[in-house]
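What you see is a predicted model; the values in this text were computed from it and never measured. We use all heavy atoms of the structure for the numbers below, so side chains are in, but hydrogens, waters and symmetry mates are not. We name chains A, B, ... by the order of the sequence lines, and we start the count at 1 in each one.
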Amino acid sequence: MGDYDVDIIKELEQKADLIRHHVIDMTCEAGSGHPGGSLSSADIFTALFFQVMRHDPSYPQWDGRDRFVLSKGHCAPAYYAVLAESGYMPVDELWSLRKLGSRLQGHPSRTMLPYVEMSTGSLGQGLSVSNGLALAFKLDGSDSRVYCICGDGEMQSGQNWEAGMFAAHYGLDNITAFVDRNRLQIDGCTEDVMAIDPIADKWKAFGWHVIEIDGHDMIQILDACQEAIATEGRPTMVIAHTTKGKGVSFMEDNAGFHGKCCTPEERVQACKELEGCQ
Amino acid sequence: MKYMAQRDAYGDTLVRLGQHRKDLVVLDADLSGSTKTGKFAKACPDRFFNCGIAEQNMMSTAAGLAAGGKLVFASTFAVFATGRCWDQIRQSITYPDMNVKIVATHAGITVGGDGASHQCLEDLALMSSLPRMTVVVPTDAVETVKAIEAIAEHRGPCYVRMGRSKVPVLTDEDDPFEIGRATLLREGHDISLIGTGQMVAACMEAAESLAANGISAEVINMSTIKPLDTATIASSVASTGCVVTAEEHNIIGGLGSHVASFLVESCPVPMERIGVRDRFGESGEPEELLEKYGLTGHHVAEAAVRVIGRK
């Protein structure tokens, strides 16, 4: 759909790998964290923060900015990495993740790190928060949008469906939400733990505009965001099919890396693979 | 004595505030006729959003609206406002310190016929255990107006508790109201009766009957549970030397617990708590339930006599 400059796409892809590299380094320095889902959503994060969203790191509280809500708060490493690479904070601060006194809490905290629009971590609440932000924009006549990344396991939480009804009922077409459909959650495959499919049909039935994409294809991510902006009267849910642990061979499709960092040896291997991509 | 429903005062105050506070947005969960937010819905339809029977979404949506710069009031019955969505309040409202006002009606056993499922006796415990939360329990309709105005001006999460019934008007329009400040309704020197919500009226009734027996009771209206006005408690017990607390709530985690915690750490005195003694309620007329569960003026007076005997 979109006609993108090849260099821009290449740059975004390289940026996504840099974000992945940061995720590995941050979680290894912290000794804990959630690399799997951070890696699967890294391309979406990159597209949003470096191409799609309207924001200004030199003026973080700018009223006209788009808002980002990380509903799956455990993927904070990827969030912090794009904030740092955008210029909101020094990259060196990333290594303070999960350490005592750090602004980079294990899950994002609005009061600790002011660039975080909403504290998250307890799953299932981000879409509702997005509803509130989107409603505030409508009341103010603002054309700002709300971007929200949800996990796929998170779809098991009933509040998402309350939020889904609300957003459709009030015609919140200024919401672009993503389901990072990596098919894995802590206890295993989503379809074994508690099936969420047919997830696209469910969101369609709830009155949302639904787009299915390869969540690692930068052009498809950008196209989906454009399509969402052009969609009137309905919120948009992008079902982004992804691979958990994407970019690191031994982490890919491995539920064991949902909430566990690499060993020092694995870290060397992971960084080598990610540097090879760049 | 004049009787008025606090929730009517709440609805009217929202309408009045909404006229000049254009940032005021009100949410309800299919109970706007009962909570009286329906009055605001009628006056300012573009700033009222019914969330349906989905309280969890309502609370997190309220947080999002606050993040978008709005002054948000979210209302439903106390049992749903605090119990059904405690995690949403914790994670999306108090932890991120959002300017959301949760105003609950139908708290306590005087909900009556609906029975225990709807008689919330745990909300003060649930809300006061959350860091950053302010917890206000106005005693009557007149004080409700001032409490709603005060929380609208206060920056940060607030919980306001009201009942369903019409309750006696004890305060005057000219009486000062401040969040975190108790008021002395009657001076005395033998015992401090500290009440909250509609139990302040029971304390006043008890003080009258105690006076007839030569006992001078001081009555304090503890209209804020958190932050607790410890200075007023300390100064009262310094002269009376004993306390009875009274609340339409479980004795665990409510006014009595908070007052006891303060006194034990600073100036222990004989004390008794009037409240529901760790039970669920049941269906019945409000007056029948108050009598059965030990929440009337004579229960307060009897406790006062016992406590004075322990001095």
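Within the 4.5 angstrom heavy-atom criterion, atoms from both the backbone and the side chain of A63(B) approach chain A. Only the side chain of V25(B) has a heavy atom closer than 4.5 Å to any heavy atom of chain A. The contact between N50(B) and chain A is made by backbone and side chain atoms together, counting heavy-atom distances below 4.5 Å. When heavy atoms are compared at a cutoff of 4.5 Å, M98(B) approaches chain A solely by way of its side chain, counted from C-beta outward. Within the 4.5 angstrom heavy-atom criterion, only side-chain atoms of Y170(A), from C-beta onward, approach chain B.
The local environment of CZ in R84(B) is sparse, with at most 12 non-hydrogen atoms from other residues, nucleotides or ligands closer than 6.0 Å. Under a cut-off of 6.0 angstrom, the local environment of CZ in R65(A) is crowded, with over 12 non-hydrogen atoms contributed by other residues, nucleotides or ligands. For CZ of R181(B), the number of neighbouring non-hydrogen atoms (other residues, nucleotides, ligands) closer than 6.0 Å is 12 at most. By the neighbour-count criterion of 12 heavy atoms within 6.0 Å, atom NZ of K42(B) is sparsely surrounded, having that number or fewer from other residues, nucleotides or ligands.
To the nearest 0.5 angstrom, N160(A) atom CG is 10.5 Å from Q56(B) atom CD. Atom OH of residue Y95(B) and atom CE of residue M112(A) lie 6.0 Å apart, to the nearest 0.5 angstrom. With rounding to the nearest 0.5 angstrom, the SG atom of C85(B) is 9.0 Å from the CD atom of E162(A). Taking NE2 of H107(A) as the reference point, atom CD of Q91(B) lies at 9.5 Å (rounded to 0.5 Å). Here the CD1-OG distance, from I93(B) to S119(A), works out to 12.0 Å after rounding to the nearest 0.5 Å.
Here the side chain of T61(B) pairs no donor or acceptor atom with the backbone of V129(A) at under 3.5 angstrom.
T111(A) is listed as a side-chain neighbour of R132(B), based on a closest heavy-atom distance under 4.5 Å.
A donor-acceptor contact closer than 3.5 angstrom links the side chains of Q88(B) and Q159(A). Side chains of S122(A) and D87(B): a donor-acceptor N/O pair is present below 3.5 angstrom, by distance only. At a cut-off of 3.5 Å, with distance as the only test, no side-chain donor of Q125(A) or N57(B) sits close to an acceptor on the other residue.
Heavy-atom minimum distance, L139(A) versus L65(B): CD1-CD2, 4.3 Å. The minimum heavy-atom distance linking E117(A) with A67(B) is given by the pair O-CB, 4.3 Å.
Of all the listed residues (S92(B), G68(B), S60(B)), the one sharing the greatest number of non-hydrogen pairs under 4.5 Å with chain A is S60(B). Note: S128(A) leads A136(A), S128(A), G126(A), S142(A) in heavy-atom pairs under 4.5 Å with chain B.
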- Could you go step by step and tell me if D140(A) and K70(B) meet the side-chain contact (heavy atoms from CB on, under 4.5 Å) rule? CA-CA 10 Å; D140(A) 292 342; K70(B) 301 300 175 192; 2.4 Å; yes
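Taking the six-membered ring where the residue is Trp, F166(A) and F49(B) present tilted rings, their angle falling between 30° and 60°.
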